[in-house]
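Shown next, in structure tokens, is the structure this report addresses.
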Amino acid sequence: MAGSWSKVFRLASRDYVHEWLMSGCFVLALAAVLGPMMVLFGLKFGIVGAMVDELIENPLNREIRPVGSGYYDHAWLESVRARPDVAFLVPRTRSIAATIELSSQHSSRIVTVELMASDHGDPLLPQDSPLPEGTTRVVLSRSAADKLDVAPGDILDGSLARRFRGQQERVHLPLSVAAIAPAQAFTRDGAFVSLTLLEALEDFRDGRAVPPLGWEGEPADANRTYPGFRLYARTIYDVEGLRDAFARLNVDVHTRSAEIELVQRMNRNLTAIYWAIAIVGLVGFSLSLGASLWANIDRKRKELSVLRLVGFRTADIVWFPMVQALFTAVLGWALAVAIYLATALVINDMLAAQLETGQQVCRLLPWHYAIALLLTCTAAVLAAGLAGLRSARVEPSEGLRDL
Amino acid sequence: MSKVISTAQTSEQPLIYHLRDVVKTREAEGVAFRLRIPSLQIAMGEKIALIGESGCGKSTLLDMLAFILQPSAVGAFRFRPERNGEPLDIQDYWKNGRLNELGDLRKRHIGYVMQTGGLLPYLTVRDNMNLCRSVLGLRPDGMVEHVAEELGITAHLGKLPDALSTGERQRVAIGRAVAHRPSIVIADEPTASLDPYAAEKVMSMFIGLAEEFNITVILASHAWRNIKQLGLRRLTHRTTCDADNKLTETMVSG
């Protein structure tokens with residue numbers, strides 16, 4: 001049996017090559033339908049993909065900020081941090097107390113920077129970036145670093161003042177630049193610092209003592225509360241749930257869920273439009289493929305009858321057009337991929353100026369190509385199989401005499 | 001003495017075909033055609049000629065003998081391709097839809113020469129002649145080359161059928177039908193498309209090959225005078241039309 005299958009395979013391939021002109025037409029007809037469909041899907045996938053990537057990758061979209069200030073203690077903050085949908089949480093001190101004046105040896109300017117509490121896993125800092133630490137190491141924003149003309153490793157002078165027991169008092173502390181944050185992490189003059197440093201600065205301004213730094217004042221309050229926190233959800237899809245959870249706790253928060261929902265709705269709408277076009281295209285594609293294969297088998301009825309006459313079995317006769325249909329499917333798919341790749345190259349090139357590096361308007365993943373191949377082969381084998389079965393059922397004498 | 005024995009042997013040759021009351025009816029646009037075979041017996045090694053105008057049912061009979069057309073009614077249809085084998089009931093195969101087994105019988109025992117050659121355009125002459133042999137899985141043994149030489153087409157073995165004349169294509173078709181040494185070769189007007197001179201030449205090559213390999217021949221032709229010198233047994237047939245030309249009936253026996 002296997003012998004006769006391979007014989008039919010050889011015969012079918014020789015016929016296919018012999019009729020290269022006709023075979024070429026079938027391949028072209030297939031690619032002419034499949035190629036544009038792949039471009040369409042590539043565009044849909046590329047555009048929506050880029051929007052979703054931007055949405056997912058930009059941590060600002062996962063940020064949840066409390067509105068106004070509250071009194072959040074350690075225990076409450078710990079319970080929020082423990083939630084599985086929370087990726088990062090660090091308490092912050094009063095924003096009015098969270099500034100410091102910085103100066104460096106390289107620049108004559110004194111820059112007042114905003115301070116942000118940071119910690120391990122801060123989504124705004126690159127994962128491998130050195131972190132702010134204790135009361136000595138800080139991460140500067142790009143803009144502040146430029147104004148102070150400093151690089152990682154440089155030493156800054158930080159200073160702040162308070163009115164204490166009726167007297168103006170100013171302290172200085174040396175700070176080393178651990179790293180410079182990416183430009184988009186914080187656009188104003190600012191620095192990421194440890195909570196320890198923020199608490200020390202707030203205590204100093206409130207007239208409390210900070211023994212590690214040798215600053216005098218009232219003893220510190222043991223039950224410290226924080227007016228706010230920096231919180232990032234694990235994914236953009238957790239934002240809405242967290243917002244609702246905070247609402248139940250009577251904490252008003254600000255999120256970007258409106259923007260997230262807009263992109264998600266666009267994604268849904270674009271997907272729906274795509275599927276409407278794709279289904280129409282797929283039906284047309286199947287019909288065109290089926291019609292050309294069906295016509296081909298009708299054309300070959302006499303030759304199939306000859307094979308029948310010399311003793312090939314029904315299954316072999318059906319296998320013959322199926323082999324040829326598979327050739328058409330694979331070659332047509334390959335040509336469609338070539339059409340797609342060329343078109344995608346042009347489209348991406350044309351729009352390159354408006355895109356971030358690495359972003360593509362038109363793109364497909366390897367498994368998309370595989371699915372296209374699988375669909376094409378299945379449709380081809382199905383159409384050829386049905387048509388072949390029909391021609392194999394005809395009494396062989398009819399096929400011989402008709403033509 | 002030897003002549004007597006040989007005659008006796010001939011008359012005792014087993015029957016390769018034995019048909020009784022086989023009928024095929026076809027109807028198209030109100031006109032019916034019926035082929036009736038009250039009795040037909042063909043012995044192994046016989047050479048049979050079926051002579052008649054086109055449309056009288058020659059092809060219908062040949063197709064039934066080649067198991068590619070199902071009879072409408074059958075008294076008996078026995079086929080005994082091998083001298084030592086049992087006769088097979090062909091009607092039984094048709095009734096039970098064992099078309100693939102009929103295909104196997106045809107593949108092993110029957111060679112078929114079509115009116116228009118029926119060569120596969122994508123195979124060379126050699127591969128066309130080798131088609132039946134390759135389906136049977138026969139190893140190359142010089143048979144194709146020998147037959148090609150007998151038919152005078154050795155020079156064309158590497159060409160595609162398109163490059164050949166009609167007469168050469170018919171010779172290739174004959175070569176394909178005998179190259180696997182079947183028990184029977186059925187030929188449907190194999191020389192109808194040739195001029196009389198070429199027809200005679202091709203026909204005598206064909207009969208020569210059949211005699212060399214001791215193949216039973218069943219041949220349809222519309223002209224008896226072209227083949228009467230080849231020593232074939234002629235089947236008698238009679239065609240009648242009914243009064244209003246609604247039914248044409250042909251009766252063949254022999």
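Residue numbers begin at 1 in each chain, while the letters A, B, ... track the order of the sequences.
Under the rule for a side-chain hydrogen bond (donor to acceptor under 3.5 Å, both in side chains), the partners of Arg98(B) that lie at least two apart in sequence or sit in another chain are Asp92(B), Glu101(B). Taking the ring pair (Phe, Tyr, Trp, His ring centres under 6.0 Å) definition, one finds that Trp319(A) meets it with Trp5(A), sequence neighbours left out. Among residues two or more places apart in sequence or in another chain, the side-chain hydrogen bond (donor to acceptor under 3.5 Å, both in side chains) test is passed with Lys95(B) by none.
Residues of residues 8-28 of chain A that come within less than 4.5 angstrom of chain B, heavy atom to heavy atom, are Leu11(A), Arg14(A), Asp15(A), His18(A) in numerical order.
Proximity to chain A (any heavy atom under 4.5 Å) is restricted, for Arg176(B), to the side chain, taken from C-beta onward. Looking at Leu160(B), only its side chain comes within 4.5 Å of chain A, counting heavy atoms on both sides.
Heavy atoms of other residues, nucleotides or ligands lying less than 6.0 angstrom from CZ of Arg80(B) number more than 12.
When the candidates Leu105(B), Val135(B), Leu119(B) are compared by the number of heavy-atom contacts under 4.5 Å with chain A, Val135(B) comes out ahead.
Distance check, rounded to the nearest 0.5 Å: CG of Leu151(B) to CD of Glu168(B) gives 11.5 Å. A distance of 5.0 Å separates CG in Leu69(B) from CZ in Arg26(B), rounded to the nearest 0.5 Å.
Checked for salt-bridge contact, Asp316(A) and Lys7(A) miss the test: no charged N lies under 4.0 Å from a carboxylate O.
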